[in-house]
K.L.:
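Take this structure, written in structure tokens, and hold onto it; I'll ask about it next.
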There are 2 protein chains.
Amino acid sequence: MSRPIRTRRQATLASLAAELGVSRTTVSNAYNRPDQLSPELRRRVLETARQLGYPGPDPVARSLRTRKAGAVGLLLTENLSYAFRDPVALGVLEGIALACEDSGTGLQLLPAGPGNEDVSTVHKAGVDGFIVYSVPDDDPHLSGVLQRPVPTVIIDQPLIDGVDRVGPDDAAAMTAMANHVVELGHRSIGILCMRLSQDRNDGPASMLRQHQAHYHTQRTRLDALATTFGNVGVEWSTVPVIERFDHTVADGATAAAELLDANPEVTALICTSDILALGALEEAHRRGLRVPADLTITGFDGIADAQRAGLTTVHQPVQDKGHAAGSLLLNPIRKTSTVPGSTQVITLDTELKIGTTSAQPRTTEQHWFGP
Amino acid sequence: MSRPIRTRRQATLASLAAELGVSRTTVSNAYNRPDQLSPELRRRVLETARQLGYPGPDPVARSLRTRKAGAVGLLLTENLSYAFRDPVALGVLEGIALACEDSGTGLQLLPAGPGNEDVSTVHKAGVDGFIVYSVPDDDPHLSGVLQRPVPTVIIDQPLIDGVDRVGPDDAAAMTAMANHVVELGHRSIGILCMRLSQDRNDGPASMLRQHQAHYHTQRTRLDALATTFGNVGVEWSTVPVIERFDHTVADGATAAAELLDANPEVTALICTSDILALGALEEAHRRGLRVPADLTITGFDGIADAQRAGLTTVHQPVQDKGHAAGSLLLNPIRKTSTVPGSTQVITLDTELKIGTTSAQPRTTEQHWFGP
DNA sequence: GTGAAAGCGCTAACAG
DNA sequence: CTGTTAGCGCTTTCAC
């Protein structure tokens with residue numbers, strides 16, 4: 001296989017037109033509106049183009065003119081290695097990619113990892129819209145995206161005026177989980193949660209920190225727990241909440257260890273993700289604790305490994321989430337943005353999956369009335 | 001959080017300049033060359049921009065002018081679901097993404113799945129270069145990419161004139177593996193291979209089909225096997241080669257079953273990927289065959305699961321492969337393409353990993369001389 | 001069916 | 001430090 005030498009100045013639509021002795025319009029039509037010129041002329045145009053090594057209309061120039069880039073940007077403030085390893089992120093990514101593929105749109109991963117304070121990449125991205133996922137709400141990249149005059153869809157984030165949103169009802173889902181644990185009779189619980197903010201904090205998360213959490217999903221899930229357990233008389237300030245910055249099974253294990261060391265009385269470990277719960281499971285086994293006889297452990301997300309482990313968890317359709325976000329952005333009833341308030345919101349169904357890791361507490365300390 | 005209403009016509013650099021009573025250059029400088037104007041003026045420009053809701057210079061217009069899009073395209077003729085599930089593809093993808101992140105470049109996934117005959121997406125992508133991975137050499141998208149006047153790096157593909165390449169020495173690697181199996185004494189072997197062409201063929205792959213394979217890596221690996229075994233007197237045309245279109249562990253299992261049913265005399269199963277080998281392993285266990293006592297099984301790639309299973313395989317650094325491709329494209333000694341022949345090639349090291357799935361054949365049929 | 005004119009929004013010399 | 005001048009390469013009315 002060989003290719004044209006490209007030493008000489010690239011041919012342009014104009015030069016091609018000159019060469020052929022026709023107007024630029026005609027050449028443009030040859031590519032974009034075949035029905036606007038005779039087949040014979042079109043053939044001639046394309047043939048000459050081939051000879052001159054003209055690769056067709058320049059995409060950027062065309063984009064400038066048509067105001068369409070043919071791609072959407074994905075903002076994901078995480079190490080890419082995370083995005084490509086975490087099952088939940090991967091599922092979302094896959095869903096988004098599928099939606100893009102459906103509509104023939106490119107999906108541009110924006111380089112906006114943590115520590116990359118340079119927002120310019122967001123400003124420089126020639127895209128028709130943005131999808132934002134797993135970004136803390138105080139992230140400068142996010143506000144950069146919101147400044148751009150293109151449609152944006154946010155996944156899992158709280159509602160922003162004028163920005164479409166896709167996500168599960170985290171509060172309801174976590175409330176269901178909390179109720180399940182409450183109904184089993186647990187009152188002495190511990191929480192394992194993911195990163196609450198950009199600043200690293202591997203250890204207990206204070207009430208203040210919980211409330212100020214910049215990761216919406218985590219904050220919401222913790223809130224739901226606090227409320228539900230508060231309703232049955234559990235004082236939230238006494239509930240240990242251990243946070244981990246990184247999100248691996250190993251981190252879940254160390255978090256569980258830390259929590260159980262300090263609070264051996266705990267009968268249930270509620271985790272805000274399956275990964276953490278899987279780690280907790282490992283740590284429990286390591287300590288010879290039987291699950292669920294000695295310790296109840298619950299997760300969140302419903303990833304494949306969790307299902308395999310029989311984890312009690314909340315399942316959310318991650319791929320659908322991504323796909324919905326992509327669809328919303330790509331083939332919306334793109335009302336001419338005349339109505340500023342008509343933001344679209346898609347709430348996904350979640351399902352409480354009761355597995356084999358939750359049961360009544362060891363010493364069933366039910367609150368009986370009377371002697 | 002609220003955002004500016006965008007009902008009114010978007011502000012442009014020109015309108016902002018007019019509003020301020022300065023030239024467009026000055027506004028442009030305020031964004032691109034802060035040192036070219038007084039801090040005070042710059043502050044005023046930016047402030048007014050904010051008030052007018054001017055989001056900064058339009059990326060597409062800028063790209064047209066500067067001839068830089070700030071993104072590279074990734075051509076991957078596969079279902080995205082494959083790319084996001086297969087460990088090898090994922091590793092490569094991660095490596096590429098890392099390289100892009102390093103240089104602040106966007107990574108645009110091109111929608112070019114199989115069945116998508118529309119090459120226009122490749123023509124329409126506003127990118128500064130392409131990375132091509134896992135694409136059959138007769139794919140129209142590939143030729144579309146090669147027409148574009150931008151640098152391109154191909155992963156795992158054969159050398160194309162003027163196109164940089166990154167990949168392992170598949171032939172050498174597979175030859176090493178073949179020698180290992182030969183040295184153990186195996187002469188009655190069977191092969192499991194991945195898709196050889198776009199047209200589905202789940203079953204035996206004829207010699208012709210093997211030679212005409214459009215997937216370079218597969219063809220190369222088979223060639224290496226044919227040559228090495230040919231050298232020790234094994235007539236390749238008698239060696240069963242079973243092909244699978246899809247690439248899952250389950251497919252590996254059915255392929256192994258198909259092969260073993262038809263050729264029970266086989267003492268070694270050489271697979272062109274770990275995934276297939278893992279499936280073969282499953283099938284062997286299902287049949288009560290002991291590995292490696294009754295059957296030797298080998299893989300290729302060195303994925304984590306293979307390592308875990310103790311598979312004898314060839315390890316290739318997939319993430320490095322992706323990273324090398326990205327680096328090559330992004331920060332090359334971008335010689336001004338004056339020298340047409342100076343194509344860069346990076347060959348990655350592979351390592352034969354002898355695990356616990358290869359051993360001498362059951363009935364050690366060594367060829368002794370004399371009675 | 002074909003062409004002429006008018007920009008899309010921006011940046012890069014180069015002069016002042 | 002600031003402005004003037006020229007486009008980058010293309011599409012798109014709107015006449016012919």
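First the proteins, then the strands, lettered A, B, ... as listed; each starts at 1.
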K.L.:
What does the inter-axis angle of the helix from dG1(C)-dC16(D) to dG16(C)-dC1(D) come out as, five pairs per end, nearest 10 degrees?
P.N.:
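End-to-end axis angle for the helix from dG1(C)-dC16(D) to dG16(C)-dC1(D): 20°, rounded to 10°.
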K.L.:
For V22(B), answer base if it contacts any base atom (sugar-phosphate contacts may also be present), sugar-phosphate if it contacts only those atoms, and nothing otherwise; contact means non-hydrogen atoms under 4.0 Å.
P.N.:
sugar-phosphate
K.L.:
With L37(A), which of T25(A), V27(A), T26(A) fulfils side-chain contact (heavy atoms from CB on, under 4.5 Å)?
P.N.:
T26(A)
K.L.:
C100(A) versus P111(B): any side-chain heavy-atom pair under 4.5 Å?
P.N.:
no
K.L.:
Rounded to whole angstrom units, what separation is found between the OH atom of Y31(A) and the P atom of dT12(D)?
P.N.:
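Taking atom P of dT12(D) as the reference, OH of Y31(A) is at 16 Å.
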K.L.:
Restricting to side-chain contact (heavy atoms from CB on, under 4.5 Å), what partner residues turn up for P34(B), sequence neighbours left out?
P.N.:
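With neighbours one apart ignored, the set is R42(B).
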K.L.:
Pick base, sugar-phosphate or nothing for L64(B), based on heavy-atom distances below 4.0 Å to the nucleic acid.
P.N.:
base
K.L.:
So does T26(B) get a side-chain nitrogen or oxygen closer than 4.0 Å to the phosphate oxygens (OP1/OP2) of dG3(D)?
P.N.:
yes
K.L.:
What string of B, S and - do you get for nucleotides 10-16 of chain C, 5' to 3', when a contact is any protein heavy atom under 4.0 Å?
P.N.:
BBBB---
K.L.:
Can you list the steps and then say if D102(B) with H323(B) is a side chain to side chain contact (heavy atoms under 4.5 Å, CB included)?
P.N.:
CA-CA 10 Å; D102(B) 287 349; H323(B) 195 272; 3.2 Å; yes
K.L.:
In whole angstrom, what separates N29(A)'s CG from dC14(D)'s C1'?
P.N.:
13 Å
K.L.:
Residues in salt bridge (Lys or Arg N to Asp or Glu O under 4.0 Å) with E47(B), at least two apart?
P.N.:
R50(B)
K.L.:
Using whole Å, what does the distance between atom C1' of nucleotide dC10(D) and atom CG of L16(A) come to?
P.N.:
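So the two atoms are 13 Å apart, to the nearest Å.
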K.L.:
Who passes salt bridge (Lys or Arg N to Asp or Glu O under 4.0 Å) against R33(A), sequence neighbours left out?
P.N.:
none
K.L.:
Which whole-number value in Å describes the distance from R148(B) CZ to dG9(D) P?
P.N.:
13 Å
K.L.:
Run the side chain to side chain contact (heavy atoms under 4.5 Å, CB included) test on L93(A) and Y133(A) for me, step by step, so that the C-alpha distance in whole Å, both residues' side-chain angles and the decisive distance to 0.1 Å come before the verdict.
P.N.:
CA-CA 9 Å; L93(A) 196 54; Y133(A) 174 62; over 6 Å; no
K.L.:
In whole Å, what is the span from the NZ atom of K68(B) to the P atom of dC8(D)?
P.N.:
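Atom-to-atom, K68(B) to dC8(D), this comes out as 19 Å.
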K.L.:
Could you tell me if the side chain of L329(A) sits less than 4.5 Å from the side chain of T105(A), heavy atoms only?
P.N.:
no
K.L.:
Taking only residues two or more places apart in sequence or in another chain, which ones pass ring-ring contact (aromatic ring centres under 6.0 Å, His included) with Y54(A)?
P.N.:
Y31(A)
